[in-house]
Every structure is written in structure tokens, then in C-alpha cells.
Student: 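Shown below is the structure under consideration.
One-based numbering, in listed order, for ligands and for the atoms of each.
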Amino acid sequence: MALGFVFGVATSLPISAATTTRAAASATPSITYDATRKLFRIDTGEVTYAFGVDSDGMLQTLYWGARLAARDPLGPARVSPGHASFDSPGSTSPQEYAGWGGRITIEPDLKAHFADGNRDLVLHYASHRIHDDTLEVELRDIRLDVSVWLRYTTDPATGIIGRSARIENHTTQAMTVDAASAASWNLPAGDDYSLRYLTGAWAREWNLQTRAITPGATEIGSRRGTTGDQNNPWFAIERGNQWNEEHGDVWFGALAWSGSWRIRIDQDVLHQVRVTGGYNPFDFSYRLAPGQSLQTPVFYAGYTPHGIGEASRMMHRFEINTVLPQRAETKLRPVLYNSWEATEFKVDEAGQEKLAEAAAKLGVERFVIDDGWFGARNSDHAGLGDWTVNRNKFPHGLSPLIGKVHALGMSFGLWVEPEMVNPDSDLYRAHPDWALHFNDRPRSEGRNQLVLNLARKDVADYVYDVLDRLLSENDIQFLKWDYNRNWTEPGWPEVAPEEQQKVYVAFTNNLYDIMRRLRARHPGVEIESCSGGGARVDLGIMGLTDEVWPSDNTDPSDRLTIQDGFTYAYAPGVMMAWVTGSPNWVNDRRSSLDFRFLSSMQGGLGIGANILEWTPEENAVAQRYVAEYKRIRSTVQRGLLYRLLSPRDQSPQSATESVAADGSQAVLFAFQRQGHEAEPYPTLRLRGLDPKARYRYRLIHGEAVEGTPAEASGAFWMNQGIDLKIRGDLQAAGVVFERTGT
Ligand code: DGJ
């Protein structure tokens with residue numbers, strides 16, 4: 001293969017998977033430019049990333065993989081000779097950020113057209129600057145005064161690199177961006193790659209898919225104006241098709257964007273694999289007047305030789321320590337009660353007070369009123385947009401209830417869906433033009449609601465003011481921020497036709513801006529991102545929220561698969577999971593309270609059942625689990641997750657283990673959906689323990705087989721393992737291992 005560049009170290013580093021995420025923090029990032037070889041090199045965490053300027057002036061990726069020695073030779077970048085006359089040299093070089101123009105036939109990162117009819121854009125290296133842990137490289141068109149600033153940020157704890165682009169029009173004519181990616185990630189050439197990605201639908205989100213990467217393109221994305229749960233903006237690519245949790249080269253990444261997005265994976269004629277991600281080019285158009293610029297979202301990506309399990313742990317660590325807004329304070333998720341499944345729209349002061357009293361007795365720390373507290377909101381047909389307290393339900397406003405909740409020792413949270421409006425609302429009657437629409441065209445409703453055009457400044461200001469007033473007038477600590485439909489007819493007729501498609505960028509940026517301003521003005525308020533479940537979970541919204549609601553499906557058995565899929569990309573510490581009623585409303589499945597609690601304790605624990613109907617025995621069970629959860633939540637939410645047995649494909653058994661960051665505790669959850677009397681439960685071999693340390697186990701629920709030692713070394717639990725007596729359908733066990741010494 002005539003590749004013209006060198007890639008890849010396939011061997012593993014001589015460190016364990018667990019130490020990668022714990023110890024790599026010490027590896028200082030370094031960004032260098034070698035002027036002789038025209039070579040940029042980023043060393044961060046256990047990763048080296050390098051690209052160079054070739055003799056044509058284009059940027060080419062040279063290496064992305066395990067960290068290399070400082071003096072290892074890389075580059076210079078050479079123009080690939082191409083492949084016959086049909087695949088020109090430029091197109092078979094692994095372009096770092098390709099403009100569409102010149103010889104480029106691959107999927108470009110940037111496509112634009114100009115007022116004079118020109119559509120050719122050839123980007124060459126122009127300049128760069130390095131400051132601390134950030135590199136910025138300027139590309140400029142060969143003729144026009146158009147600059148593209150590529151930005152690279154580094155996270156030494158994980159080796160995850162963030163890439164984005166800013167497109168600047170310095171010409172004297174208008175330039176229209178037809179497509180703009182944040183970055184393209186070039187992998188080493190190879191023909192044994194496979195791709196993992198997440199698909200879903202309402203109430204069945206987070207399904208992990210695998211497909212071989214073959215010549216051609218695979219696209220995942222959303223054209224819906226928001227992230228969507230049909231695909232999630234995350235990918236992982238493995239070399240060798242093993243998909244071993246702990247071994248194997250894995251390249252992975254995620255887009256920090258909550259609007260329409262696309263990630264496209266191409267394999268070219270030379271087996272080169274390229275992952276391009278950014279704004280979804282479908283219906284995209286962004287006009288830049290002279291002097292204007294367009295900033296793309298950030299596309300983060302990383303590499304590990306330690307399998308998909310370690311790739312997930314790196315993402316988790318990155319999200320908790322680098323993405324979340326409260327990152328410096330590492331706030332653990334409080335145990336939450338939410339009234340939705342208990343009362344739906346029938347919320348009122350007396351009913352909520354009773355629920356709050358019952359919740360407090362269980363040890364709940366945050367009480368949340370869901371939908372139905374405002375306007376004429378007695379069903380999903382009316383009221384969205386009218387964010388004033390419904391005085392029939394709360395005659396004295398929210399203050400008495402909030403006071404009561406606080407007196408019971410809990411924080412108070414409220415549901416909102418501020419980007420939406422019901423046509424049957426005062427807001428819509430006053431401002432029908434505020435919804436996304438095309439003039440004189442029908443407006444399609446979803447759940448009887450329309451989407452407010454947040455791209456409009458007056459609408460964005462209204463949404464901010466309403467929420468600011470709500471938070472200023474009421475002592476609220478938490479907002480559940482919902483979003484229950486996708487876009488249709490995304491028109492913005494109030495601006496010039498050539499500006500209207502800016503709605504895709506402006507809407508999401510204004511949403512972020514509203515959240516940013518609210519957080520700054522109300523720093524004590526936390527936000528949950530909910531979108532009818534998990535339809536808006538991405539690194540963009542995560543930077544402005546504290547937790548997410550992964551699914552409306554609260555059946556504890558279905559949840560095992562949903563939660564498993566979620567953890568491939570996102571941290572258990574942001575994933576809320578409620579214990580709700582049995583039979584479950586989604587599928588009528590009955591399950592024990594033990595099974596429901598253990599399933600929910602894999603994330604941020606919440607309760608969403610009608611607890612006024614619980615018996616004294618059920619209350620006692622719940623109290624015990626809530627108390628136990630508080631003892632292990634730091635490990636579950638902030639620790640290292642090991643997926644021991646997968647619940648995918650309706651697997652009857654599944655198990656996860658979380659290990660505290662300091663190694664002092666490990667928590668094991670084991671589930672059996674369907675028992676087979678003749679087969680014992682598989683032995684569970686733990687991971688990530690200190691082999692020399694001693695660990696004593698105690699059971700949260702369940703039984704270990706006779707002869708299991710009360711205490712043994714980490715080596716014992718990791719190699720001999722533990723056998724649990726789990727028999728029958730919908731059974732579960734929870735085990736805590738405490739380090740007792742070395
Ligand atoms: C959808 C959410 O996912 C639910 O949890 C609930 O908040 C409803 N919306 C309320 O309308």
C-alpha cells in the first residue's frame with residue numbers, strides 16, 4: 001500500500017487498564033512544532049498525535065495512537081502519490097481538515113460558495129500559535145482571504161484531544177458555508193476495523209450497534225434540530241474485531257453539540273479510515289458577510305490500547321473532570337424523588353406535600369415536581385409557554401411547598417420545558433410568530449406542541465427572563481429541563497431568506513447561552529437534561545447540566561440494557577435511574593423492590609413510584625437501600641466502571657462492577673432476568689482491584705455460595721472470583737468489597 005505516512009503502534013503499553021485512567025494525569029502534555037520537518041506533535045496522557053505540512057502546503061495526519069518516545073521520528077508529511085488518475089494525490093492523503101476544492105474528492109470538512117459564483121476552496125498552512133495546552137493552526141485559501149483556525153486542546157488525564165474550527169471571511173464578498181465539520185480524525189490504514197455506535201427510539205434508547213468498516217461511508221447523525229436518540233454523537237472504532245472489554249486498540253470520540261449533527265466514517269481506496277464530525281450538512285447554510293466568522297462545535301476523541309472498557313472509563317473520567325460544569329467541586333448526585341409516574345399532571349400542594357413527607361422518611365435528598373404545576377397544564381394539550389404557577393393547584397404559589405420540602409431537609413426541584421409552546425397557551429395566542437414555521441405553511445405538532453424559535457433574540461430573551469424570574473422568586477435548587485419533540489418546518493421567516501438556515505446554529509448557541517447565564521446568576525441551581533428520556537445527551541449539553549435522564553423506560557429489566565448502552569459513552573455519575581412502581585407502566589412487568597433498587601443503584605438513584613401506596617415493609621426496604629446507596633454512591637458515580645457481563649441481546653445474566661478511584665471500595669451488581677435451574681450463575685471475576693490488598697465483602701442483597709471467604713486478596717477476587725446464589729427470574733445481588741489493608 002502506497003500510503004506515504006507511518007501509523008500506529010499496535011502493542012499495549014506496560015501498564016494496566018486501571019492505571020491508565022488513574023495515573024495518566026501525571027503525564028504532562030506537550031505541544032511542539034518542528035520547523036525543519038514542518039511537524040506538529042501533541043503528547044498528552046498516553047497518546048501521541050502528530051500532523052505535518054506537506055510539500056503542497058496541506059496538513060496531513062501523521063500519527064494517532066499510543067504515546068511515542070520523544071525522539072521517535074515522525075514525518076515529514078509527503079503528498080500521497082494517489083491511486084491511478086481517478087484518485088488524485090490530495091484525496092488519498094489523510095487530510096487534517098480539507099476544504100472542498102482543488103483535487104479533493106473525499107468528504108470535505110468545509111464546503112463553501114462565494115457571491116461571485118466561485119465554489120473552490122484550497123486550504124494551505126499559514127501560521128500557528130501554541131499556548132500552554134492549546135494549539136491553533138491557521139489554514140488559508142490559496143487565493144482568497146479566508147482563514148480557518150483549527151484549535152486543539154489536550155486533556156492529560158485521558159489523552160483526549162478536543163478539535164474545532166473557526167471559519168473567518170476576510171474577503172470583501174459574502175461567503176456561504178454549505179458544510180462545516182469540527183474535525184476529521186484519521187486512523188491508521190487497515191482493513192480489520194469495526195465501528196460501534198448507539199441507536200434508539202423513545203423508551204428504548206442506548207442500543208449498542210457494531211458493524212464492520214468497509215470501503216464506503218457510514219453516517220450517523222440527526223437532522224432533527226437536536227441531538228436525538230435515533231443516533232447519539234459518539235463512536236468507537238476497534239482494530240481486530242475482538243471487542244474485548246479490556247484489550248485491543250480503540251479509537252473513540254464524541255461531538256459536543258446539541259443541534260443537528262453528523263459523524264461520517266469513510267474508508268477510502270487505500271483502506272484509510274477517516275471520521276468527520278460536526279454540523280449536519282443537511283439543509284445547512286451559513287452566510288458569512290465580510291468580516292464574519294463561524295465557530296464549529298468541538299469534536300473530542302481519544303485512543304486506548306486497553307479495549308472498549310477502558311475507552312468508556314476514559315470518557316467517564318473526562319466528562320466528570322473536564323466537561324461537567326461543577327467539575328471542580330465533584331458534587332455527587334443526591335437521591336431524588338420525582339412525582340411524574342405517581343401523579344402525572346395531577347399535581348397540587350396537598351398531594352405533593354404528602355409525597356414530600358413520605359420521601360423524606362425514605363432518606364430522599366431532593367424532591368422534584370414534574371409536569372403540570374403551571375398555566376392551564378392539566379394534560380399535554382395546553383399550557384406550555386405559560387410559566388406561571390397554576391393557582392388552582394397551588395393557591396399560595398410554590399413557596400409553602402418549597403418551605404415544607406426544605407424543612408424536611410430536602411432540596412427542591414421543578415420541571416420545565418422552556419423551548420416549547422402549546423398552541424393552546426397565552427404565549428402562543430400573543431406570539432404565534434415565535435414558533436419555528438414557514439410563512440403560510442402548516443405547522444406540524446408533536447405531543448400537541450410547537451418549538452419556539454430560540455434563534456430569535458426576543459424569544460431567547462423571553463425564555464431567559466421567565467426562568468430567571470422563576471429562580472429568583474422561588475428557592476429552587478434544581479431544574480429538570482425537558483424537550484419533548486423534534487423540529488419540523490424549521491423556518492425563520494423574520495430574517496432574510498439567505499440567513500434563515502442559520503437557525504440550526506443560532507438556536508443551539510442561544511440555548512447554551514441561556515443556560516450559561518442562568519447558571520452564572522443562580523450558581524446553586526443544578527440542571528438535568530431530559531428529552532422525553534435520553535434524546536438530548538451529548539458533551540455539549542453536558543457542559544451546562546449536572547445530570548441526564550437516559551430514558552422514560554423505568555422497567556428495571558429493560559433498564560439494564562439501556563444503562564449498559566449509555567455507559568459506553570457517558571458516565572454512570574450523570575445517569576439518573578428511578579425506582580418506580582410494579583407492574584411497570586411501560587411493559588406491565590412485575591419485579592421485586594430489591595431488583596428495582598439494585599438496577600437503579602447503577603446510576604444516580606431516584607425514586608419515582610407512588611410511595612404513598614407503599615406498605616411499611618416496602619418503606620423499610622427502601623430506607624435500607626437508600627442508606628446503603630449513600631455509602632457506595634461515590635464509587636458508583638465517580639469510580640471506574642467494569643462491565644463484567646453484558647445484558648445486551650436479552651442476555652439472561654448481567655453484571656457491573658465499580659471501583660472507587662482510590663481503590664478502597666468496589667461495588668458489584670449482578671442480575672438474572674431469566675433463571676435456568678440447571679445452570680449456576682456464572683462466576684464473577686472482579687477487575688481493577690489492587691491484587692496485593694485485602695478486601696472484605698458484605699452483601700447488600702443476595703447470597704454467596706457456601707465456602708466463600710469473608711476476606712481475601714484482590715488477586716483472589718480477580719482470579720478465583722465470587723460465586724453468587726442467584727436463582728429464578730428477575731433476581732439480583734449487590735456486593736460491596738471494602739479494602740481492609742495490604
Ligand atoms: C417527558 C419526560 O421524560 C418525563 O420524565 C416527564 O417529565 C414528562 N416528559 C412530563 O411531561
Side-chain angles (χ1 to χ4, degrees), residues 200-206 224 226-230 232 258 333 336-348 351-352 355 366-387 390 393 412-422 424-425 445-452 467 476 478-486 526-538 541 545-556 558-559 562-563 566 574-581 584-587 600 603-610:
W202 176 77
R204 47 187 170 88
E205 300 88 346
W206 308 105
R224 297 160 184 262
T226 187
T227 320
D229 42 28
Q230 288 67 25
N232 186 269
S258 315
R333 297 297 83 222
L336 165 159
Y337 179 80
N338 179 294
S339 62
W340 174 244
E341 288 196 25
T343 58
E344 294 204 344
F345 297 99
K346 293 190 209 76
V347 293
D348 61 27
Q352 295 294 309
L355 283 167
R366 171 171 287 165
F367 184 82
V368 184
I369 308 188
D370 211 279
D371 202 347
W373 59 269
F374 55 92
R377 188 73 170 167
N378 298 314
S379 73
D380 60 15
H381 284 80
L384 279 179
D386 300 338
W387 299 105
N390 181 316
K393 299 178 181 181
F412 180 82
L414 198 61
W415 179 95
V416 290
E417 193 178 359
E419 299 145 89
M420 299 288 169
V421 64
N422 283 121
D424 186 0
S425 67
E445 294 175 20
R447 208 194 190 205
N448 313 303
Q449 62 199 53
L450 298 168
V451 183
L452 288 174
L467 294 172
I476 294 172
F478 173 80
L479 290 179
K480 173 176 172 181
W481 190 305
D482 209 342
Y483 184 94
N484 280 300
R485 60 158 294 177
N486 294 131
E526 294 194 336
I527 304 176
E528 176 180 274
S529 174
C530 169
S531 179
R536 189 156 63 188
V537 181
D538 58 78
I541 207 79
T545 53
D546 303 86
E547 61 186 50
V548 302
W549 179 234
S551 178
D552 275 356
N553 186 339
T554 53
D555 170 70
D558 286 359
R559 267 287 179 137
I562 288 170
Q563 294 175 178
F566 182 94
V574 300
M575 174 184 78
M576 296 310 289
W578 305 345
V579 173
T580 59
N584 189 276
W585 70 279
V586 172
N587 52 17
S600 296
L605 178 64
I607 299 177
N610 189 349

Student: Shortest non-hydrogen contact from Leu605 to Met576?
Tutor: O-CE, 4.1 Å
Student: Using 4.0 Å as the upper bound for N to carboxylate O, is an ion pair formed by Glu526 and Arg333?
Tutor: yes
Student: Would you compute the distance between atom OG of Ser531 and atom CG of Asp229 and round it to the nearest 0.5 angstrom?
Tutor: 7.0 Å
Student: With side chain to side chain donor-acceptor pair (under 3.5 Å) as the test, pick out the partner of Asn584 among Thr554, Asp555, Asn553.
Tutor: Thr554
Student: Under 4.0 Å from ligand 1, counting heavy atoms only, is it the side chain of Glu341, its backbone, both or neither?
Tutor: neither
Student: Would Ser600 and Arg559 satisfy side-chain contact (heavy atoms from CB on, under 4.5 Å), going step by step from the backbone distance to the final call?
Tutor: CA-CA 8 Å; Ser600 296; Arg559 267 287 179 137; over 6 Å; no
Student: Minimum distance, heavy atoms only, to atom 10 (C) of ligand 1: which one of Leu384, Thr554, Asn553, Asp370 is it?
Tutor: Asp370
Student: Judged by non-hydrogen atoms, does Glu344 sit under 4.0 Å from ligand 1?
Tutor: no
Student: Report the C-alpha distance between Gln449 and Asn484 in whole Å, list the side-chain angles of each, state the deciding distance to 0.1 Å, and finish with yes or no for side-chain hydrogen bond (donor to acceptor under 3.5 Å, both in side chains).
Tutor: CA-CA 9 Å; Gln449 62 199 53; Asn484 280 300; 5.4 Å; no
Student: Checking the N or O distance criterion of under 3.5 Å, is ligand 1 in contact with Phe345?
Tutor: no
Student: Looking at atom 11 (O) of ligand 1, what's its closest protein heavy atom, distance included?
Tutor: Asp371 OD2, 2.6 Å
Student: Of all heavy-atom pairs between Thr545 and Ile527, which one has the smallest distance, and what is that distance?
Tutor: CB-O, 3.5 Å
Student: Atom 1 (C) of ligand 1: which protein heavy atom is closest, and how many Å away?
Tutor: Asp482 OD2, 3.0 Å
Student: Using 30° and 60° as the class limits, which term best fits the ring planes of Phe566 and Trp206: parallel, tilted or perpendicular?
Tutor: perpendicular
Student: Of all the non-hydrogen atoms in the protein, which one sits nearest to atom 5 (O) of ligand 1, and at what distance?
Tutor: Lys480 NZ, 2.7 Å
Student: Tell me whether Trp578 has any N or O atom under 3.5 angstrom from an N or O of ligand 1.
Tutor: no
Student: Counting non-hydrogen protein atoms only, what is the nearest one to atom 4 (C) of ligand 1? Give residue, atom name and distance.
Tutor: Asp552 OD1, 3.5 Å
Student: In ligand 1, which numbered atoms sit nearer than 4.0 Å to a non-hydrogen atom of Trp549?
Tutor: 3 (O), 5 (O)
Student: Only heavy atoms of Gly533, strictly under 4.0 Å: list the atoms of ligand 1 that pass.
Tutor: 3 (O)
Student: Is any side-chain N of the basic residue among Arg536 and Glu419 closer than 4.0 Å to the acidic one's carboxylate O?
Tutor: yes
Student: Under 4.0 Å from any heavy atom of Gly532, which atoms of ligand 1 are there?
Tutor: 1 (C), 3 (O)
Student: Suppose I only count heavy atoms of Cys530 and a 4.0 Å limit; which atoms of ligand 1 are within that range?
Tutor: 2 (C), 3 (O)
Student: May I ask whether Met576 places a heavy atom under 4.0 Å from ligand 1?
Tutor: no
Student: Does Trp340 have its ring centroid less than 6.0 Å away from the ring centroid of Phe345?
Tutor: yes
Student: Does only the side chain of Asn484 get under 4.0 Å from ligand 1, or the backbone, or both, or neither? Count heavy atoms.
Tutor: side chain
